[in-house]
Amino acid sequence: MQTFVTSCLEKANEHQFSNLAFPALGTGNLSFPPKVVANLIKKIVRTFEKSHPNTSIKKIVFVIYYRSQHILKVNFQKFFTFPWGSGKE
């Protein structure tokens with residue numbers, strides 16, 4: 001997952017994208033625990049930000065499968081912007 005997400009971030013930056021969307025990787029059929037995924041994604045994005053301080057990427061949205069949306073909204077809302085609001089409703 002780390003290699004995939006980092007590669008996506010690097011390609012997006014290389015092409016000067018400002019917005020990027022990811023699925024909540026592994027939390028559907030693969031059944032990875034949402035908290036583990038949230039913490040890993042946070043770490044990957046923060047590492048990328050530190051190594052690319054002038055990145056063109058300004059917004060990352062995580063697309064969540066509707067059956068797990070509530071669980072992941074709670075875990076991810078601290079770190080990322082969501083199209084449906086603050087994640088606290």
As a quick check of understanding, evaluate side chain to side chain contact (heavy atoms under 4.5 Å, CB included) for Ile60 and Leu9, giving each step before the final call.
CA-CA 10 Å; Ile60 300 173; Leu9 293 169; 3.9 Å; yes
Check step by step if side chain to side chain contact (heavy atoms under 4.5 Å, CB included) holds for Lys11 and Phe17.
CA-CA 9 Å; Lys11 280 289 186 188; Phe17 294 165; over 6 Å; no
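- Residues Ile44 and Phe4 have side chains not in contact (no heavy-atom distance under 4.5 Å, counting atoms from C-beta outward).
- Distance CG/Asn19 to OG/Ser56: 9.5 Å, rounded to 0.5 Å.
- When side chains are defined from C-beta on, Met1 counts as touching Ile41, because their heavy atoms get closer than 4.5 Å.
- In this structure, Lys58 places its NZ atom where more than 12 heavy-atom neighbours from other residues, nucleotides or ligands lie under 6.0 Å away.
- For the pair Val5 and Leu40, the minimum side-chain heavy-atom distance is 4.5 Å or more.
- Here the CD-CD1 distance, from Glu10 to Ile57, works out to 9.5 Å after rounding to the nearest 0.5 Å.
- The structure places OG1 of Thr47 at 7.0 Å from CD of Gln2, a figure rounded to the nearest 0.5 Å.
- Counting all heavy atoms, side chain and backbone alike, Cys8 lies closest to Leu20 at O-CD2, 4.3 Å.
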